> 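Provided herewith is a single structure, encoded as structure tokens, for subsequent inquiry.
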Amino acid sequence: MSQSQLPEFVGVRREDLDKLTDAERKAYVACRINGVGVREQARFSERSPGTVGNLLRRAEKKLDQRGDR
């Protein structure tokens with residue numbers, strides 16, 4: 001499976017990911033789709049784990065507000 005198909009496989013459409021900020025999208029894809037831990041993503045992105053957690057929370061809230069659920 002190519003990466004372009006991965007979001008659809010996990011129930012997230014590319015159009016929905018495009019509505020996230022760049023930071024939210026990177027955190028969401030890394031942690032929720034690719035399975036990277038929050039602390040590992042925090043180290044990689046040079047952010048605090050709390051910031052990555054907040055980015056994930058905001059991304060999930062935006063994705064939950066999609067009209068198709």
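Keep in mind the model is a prediction, meaning the values are calculated, not measured.
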> Under 3.5 Å, which donor-acceptor pairs link side chains of residues 38-45 to any protein atom two or more places apart or in another chain?
residue : atom : partner : partner atom : Å
Ser45   : OG   : Gln41   : O            : 2.8

> For Asp18, what residues pass the salt bridge (charged side-chain N to carboxylate O under 4.0 Å, His left out) criterion, not counting sequence neighbours?
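Counting only residues at least two positions away or on another chain, Asp18 forms no salt bridge (charged side-chain N to carboxylate O under 4.0 Å, His left out).
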> If every non-hydrogen atom of Leu56 is compared with every non-hydrogen atom of Ala27, which pair is closest and at what distance?
CD2-O, 3.4 Å
> Using the side-chain contact (heavy atoms from CB on, under 4.5 Å) criterion, which residues pair with Thr51? Sequence neighbours excluded.
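Per chain and number, Thr51 pairs via side-chain contact (heavy atoms from CB on, under 4.5 Å) with Arg47, Ser48, Leu55.
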> At their closest point, which heavy atom of Leu17 faces which heavy atom of Tyr28, and how far apart are they?
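The answer is CD2-CD2, 3.9 Å.
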> Is there a salt bridge (charged side-chain N to carboxylate O under 4.0 Å, His left out) between Asp16 and Arg13 once you walk through the steps?
CA-CA 5 Å; Asp16 295 326; Arg13 296 182 316 213; 3.4 Å; yes
> Nearest 0.5 Å, what's the NZ-CD distance between Lys19 and Gln65?
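It comes to 10.5 Å.
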> For residues 50-60, pull every pair meeting salt bridge (charged side-chain N to carboxylate O under 4.0 Å, His left out), keeping only residues two or more places apart or in separate chains.
Glu24-Arg58, Arg32-Glu60
